[in-house]
Amino acid sequence: MDVSHLLDELNEAQREAVTAGSGHMLVLAGAGSGKTRVLVHRIAWLIQVEHVSPMGLMAVTFTNKAAGEMRGRVGKLLGIAPNGLWIGTFHGICHRLLRLHAREAGLPETFQILDSEDQYRLIRRLIRDMEFDEGEFPPRQVQGFINHHKDEGRRPDEIEVWDQGFQASQVEIYRHYQAACERTGLVDFAELLLRTVELLRDRPERLAHYRQRFGHLLIDEFQDTNTLQYALVRLLAGDDNRLFVVGDDDQSIYGWRGARVENVQHYARDFSPLVVRLEQNYRSTGTILEAANRVIDHNDDRMGKNLWTEGEPGEPIRVFAAYNAEDEADFIIGRIEDWIRAGRKPSEAAVLYRSNAQSRLFEQALLRADIPYRVYGGLRFFERAEVKDAMAYLRLVHNRDDDSAFERVVNVPARGIGQRTVAELRQAAGSRGLSLYQAAVALCAEDALAARARKAVGAFITLIDGLAGELTDAELGPAMDRIIQATDLIEHYRGREAPDRVEAREENLTELVRAAETFSQPFEDEQAGLSPLASFLAQAALEAGEHQAEHWQDCVQLMTLHSAKGLEFPLVFMAGMEEGLFPHSRSVEEPGRLAEERRLCYVGMTRAMELLYMSFAESRQLHGQTSFSRPSRFVGELPEHLTESIRPGLTTRPAGPTSPQPEDGLPPLGAQVRHPSFGDGTVVEREGQGANTRIQVHFEQAGPKWLIAGYAPLERLS
DNA sequence: GTGCGACGATTTTAG
DNA sequence: ATCGTCGCAC
């Protein structure tokens, strides 16, 4: 067979990966080195050359977007829809396996996926029920605790309790939370994976079946896998199946949410794969690549990789020193205007920043300049309150025992069922082993509620019952529409929010009806015996949708450095390159976290194709207070011959004469000071104003210290 | 049971 | 500054 179409467009390293023979593979794929192309061509190669059945392949990614892109490109390359081929996210694939084997996994057939917000609400409620202090056990933190242990594959009994107080209590909450989920058939995101691992571990015949079936496993973004995901991969691989793993240890930026870069090394150790490095970059200029290489070179323990390009060196990296954050925004928007004036498109420009709070100034400046923009981040479609409310009604109508949905909407819109009444329902449900809905029916029948509450609860039951009867055989779209009308959701928002907010919510609900109308069930879900409704609900949870309704416009892109991963732009601005912001102050203490910040910087730089700007501000408003800072150490790691300073002279300490310094009699930046116990040092940062001003002093002996300027016994030396 | 003012925390985020 | 949660008054 002629396989030239699979190999023609590949370089030597890519070709080696695509055509690899019998063993396992590890593809260390640098930024912009054509990693998706290699994965797609590898799948086509396996099917067309090695004659592997599409049914015998599993390809796993982290995002739905990546899965969708891979599916589309494989289909295009093969010339057919790759039906039967399991391409999906870890969560999507685990969900499918659990649907197929719900019973054996110990789950009801109707189990529902609990998204992060539902999970948070449930945990918060349990903490209250267990009469723990929410201040001492912040629900967010407990949620993190539970998810962290699940990501590591641990059940409550498997957690080593070393502290009888705080930690033991969190384990107890985890235990209660898990019991509540089991009772009501709820599965959170981490649970999708953990259950699947346990299913395969405890059911040898199932494991044998899937090992038999999936002779080839391809895993993308391996540096982002957590312990559980690696465990799943190992289980499915067994001794005989072939792994094709793609990753880049230099782009590991999700350690804080459980990702283990070490998995790349562990994989190399456990499976002795053939290692191929993709180092030829097709995206950025030579200058950008060299600078990025030099920055990432400051990290230890790398697997080692050096990006290169056949292309031109291009423009130097522009480093801009702003007086303050407004100045920085104006400068950046000015350069974007230049870009557009030169005939380039706004959508080719991206402003990247470390934290979402930084977006505001850029939005304002872009608004003033009348340049269209799009901000990534914030709530996604299925995470919006009105959409979640409507979906909760849909869930409740479909399954009246869905307690999570019941809790969410029982009093939305307000119908006189307050905390008091709901607590009684919970109480009754708990003691009699009923769902909240069943408890509500029972208490009404027994006349066990206050007259007013009884009437309100009765009306709610009638509403849900009526809808359920009416919509038994209805199509998804009309059902959704009817539910929104019958529940008066829009009126509910109209009564309590500003008109423009209400309008937006109304649009989203219209969009939701449209989404329900146009929903078409994925082939694989149908195969797994799911109803269209179940598929729709699962998709809403697993693919929360876009951040913004797609008005496909030619927009400047604003996003965090994290969300920029995987994207590329001809013109990139990295803003807020300041110590404390980037690297973030919470990351500088631990070397491991600092290394991750540096990788984030590397990711940001390698997004740029033609022109890269880095900027920092000497001062900016942070949490309502002015704070001063020095340029990021990452800027200092750029080789000088690759950069061009704009407005130089302000970039070095002590600050130049034009730098604004508050006249408050406290030692300014750069001042030499003496402390009775720490010795002599230099003032390097200050935060806040007046008596609260905190200053950071680099002491020659004692190192960096934060001091309250008004109280610290400091003596000015210069 | 609902609505408003005080209080405190505030990196990154897919599924 | 800003947002979300809590406690108190209607």
Side-chain angles (χ1 to χ4, degrees), chain A residues 60-67 88-95 113-120 124 128 133-135 138-141 144 147 150-151 187-193 220-221 224-226 228-229 252-259 325 352-361 376-380 382-383 385 411 413-423 450 452-453 456 495-496 538-547 559-566 576 580-588 593 596-597 599-601 603-604 620-627:
Chain A
V60 191
T61 63
F62 273 81
T63 67
N64 290 299
K65 197 172 158 206
T89 62
F90 273 105
H91 293 87
I93 281 169
C94 287
H95 174 245
I113 298 170
L114 199 66
D115 70 19
S116 312
E117 193 199 347
D118 295 343
Q119 184 189 38
Y120 171 81
R124 187 178 60 183
R128 288 175 182 172
D133 176 11
E134 266 180 83
R140 284 260 169 255
Q141 200 182 319
N147 288 337
K150 285 195 177 191
D151 284 346
V187 175
D188 61 49
F189 289 132
E191 186 76 16
L192 286 170
L193 295 162
D220 193 12
E221 305 272 21
D224 289 339
T225 52
N226 63 30
L228 207 44
Q229 287 157 341
S252 163
I253 56 174
Y254 288 115
W256 51 273
R257 69 174 195 210
L352 311 183
Y353 36 77
R354 180 65 234 273
S355 78
N356 283 309
Q358 288 167 259
S359 74
R360 230 188 65 199
L361 287 173
Y376 284 67
L379 286 185
R380 293 152 68 216
F382 280 100
E383 293 168 351
N411 203 32
R415 49 173 71 86
I417 306 174
Q419 275 312 299
R420 182 74 206 274
T421 309
V422 176
R452 242 165 98 174
R496 55 209 329 245
Q539 270 217 13
L542 288 175
E543 310 185 28
E546 284 290 326
H547 284 290
M559 69 188 83
T560 62
L561 287 155
H562 281 91
S563 19
K565 188 170 159 211
L581 241 194
F582 188 39
H584 196 272
S585 53
R586 298 200 179 194
S587 300
V588 292
R593 310 210 53 190
E596 185 160 306
E597 295 278 306
R599 293 194 290 268
L600 188 56
C601 182
V603 166
R620 70 171 64 232
Q621 298 287 118
L622 224 55
H623 317 312
Q625 288 204 311
T626 306
S627 70

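All values below were derived from every heavy atom in this structure, side-chain atoms included, with hydrogens, water molecules and symmetry-related copies excluded. Below, chains carry the letters A, B, ... as their sequence lines are ordered, and counting in each starts from 1.
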Could you check whether [X] pairs with [Y] (Lys NZ or Arg NE/NH1/NH2 to Asp/Glu carboxylate O, under 4.0 Å)?
{"X": "A:Asp188", "Y": "A:Lys150", "value": "yes"}
{"X": "A:Glu543", "Y": "A:Arg380", "value": "no"}
{"X": "A:Arg124", "Y": "A:Glu134", "value": "no"}

Taking every non-hydrogen atom, the tightest pair across A:Arg354 and A:Leu581: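 A:Arg354 and A:Leu581 have their closest heavy atoms at CG-O, 3.1 Å.
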Closest non-hydrogen atom pair between A:Ala564 and A:Met559, with its separation: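 Shortest heavy-atom contact: CA-SD, 3.6 Å.
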Nearest listed nucleotide, side chain of [X], among [options]:
{"X": "A:Arg124", "options": "B:dT11, B:dG15, C:dT5", "answer": "C:dT5"}
{"X": "A:His562", "options": "B:dG1, B:dT13, B:dT11", "answer": "B:dT13"}
{"X": "A:Arg360", "options": "C:dA1, B:dT11, B:dG15", "answer": "C:dA1"}

What's the [atom1]-[atom2] distance between [X] and [N], to the nearest Å?
{"X": "A:Tyr376", "N": "B:dA14", "atom1": "OH", "atom2": "P", "value": "12 Å"}
{"X": "A:Asn356", "N": "C:dT2", "atom1": "CG", "atom2": "C1'", "value": "14 Å"}
{"X": "A:Glu117", "N": "B:dA14", "atom1": "CD", "atom2": "P", "value": "15 Å"}
{"X": "A:Asp220", "N": "B:dG15", "atom1": "CG", "atom2": "P", "value": "13 Å"}
{"X": "A:Leu193", "N": "B:dA14", "atom1": "CG", "atom2": "P", "value": "16 Å"}
{"X": "A:Asn411", "N": "B:dT2", "atom1": "CG", "atom2": "C1'", "value": "10 Å"}
{"X": "A:Asp115", "N": "B:dG15", "atom1": "CG", "atom2": "C1'", "value": "10 Å"}
{"X": "A:Asn64", "N": "B:dA14", "atom1": "CG", "atom2": "P", "value": "11 Å"}

Assign [X] to base, sugar-phosphate, or nothing according to its heavy-atom contacts below 4.0 angstrom with the strands shown.
{"X": "A:Arg420", "result": "sugar-phosphate"}
{"X": "A:Ser585", "result": "nothing"}
{"X": "A:Asp224", "result": "nothing"}
{"X": "A:Arg599", "result": "nothing"}
{"X": "A:Phe189", "result": "base"}
{"X": "A:Arg128", "result": "sugar-phosphate"}
{"X": "A:Glu543", "result": "nothing"}

With a cut-off of less than 4.0 Å, is there a side-chain N or O of [X] near OP1 or OP2 of [N]?
{"X": "A:Asn226", "N": "B:dA14", "value": "no"}
{"X": "A:Ser563", "N": "B:dT13", "value": "yes"}
{"X": "A:Arg415", "N": "B:dG1", "value": "no"}
{"X": "A:Arg593", "N": "B:dT11", "value": "no"}

First of A:Ile417 and A:Ala544 reached from the 5' end of DNA chain B, by closest nucleotide: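 Mapping each residue to its closest nucleotide by heavy atoms, the 5'-most match is A:Ile417.
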Residue whose closest nucleotide on DNA chain B lies nearer the 5' end, A:Leu542 versus A:Gly418: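 Looking at DNA chain B, the more 5' nearest nucleotide goes with A:Gly418.
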What pairs of nitrogen or oxygen atoms, one from the protein and one from nucleotides 3-10 of chain B, lie under 3.5 Å apart?
unit_1: B:dT10; atom_1: OP2; unit_2: A:Arg586; atom_2: NH2; d: 3.4

A:Tyr254-B:dT12 aromatic stacking (under 5.5 Å, under 30°):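 Stacking between A:Tyr254 and B:dT12: absent.
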base_contact_polar (B:dG15 base, A:Ser116 side chain, donor-acceptor, <3.5 Å):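 Side chain to base: pair found, below 3.5 Å.
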side-chain contact (heavy atoms from CB on, under 4.5 Å) against A:Asn356, all qualifying residues, sequence neighbours excluded: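 For A:Asn356, the residues satisfying side-chain contact (heavy atoms from CB on, under 4.5 Å) (neighbours in sequence not counted) are A:Tyr353, A:Thr560.
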With sequence neighbours excluded, residues passing side-chain contact (heavy atoms from CB on, under 4.5 Å) with A:Ala538: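 side-chain contact (heavy atoms from CB on, under 4.5 Å) list for A:Ala538, sorted by chain: A:His95, A:Ile113.
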Aromatic centroids of A:His562 and A:Trp256 separated by under 6.0 Å: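 When the ring centroids of A:Trp256 and A:His562 are compared, they turn out to be within the sub-6.0 Å range.
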A:Leu542 backbone acceptor or donor facing A:Asn64 side chain under 3.5 Å: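 Confirmed, A:Asn64 side chain pairs with A:Leu542 backbone.
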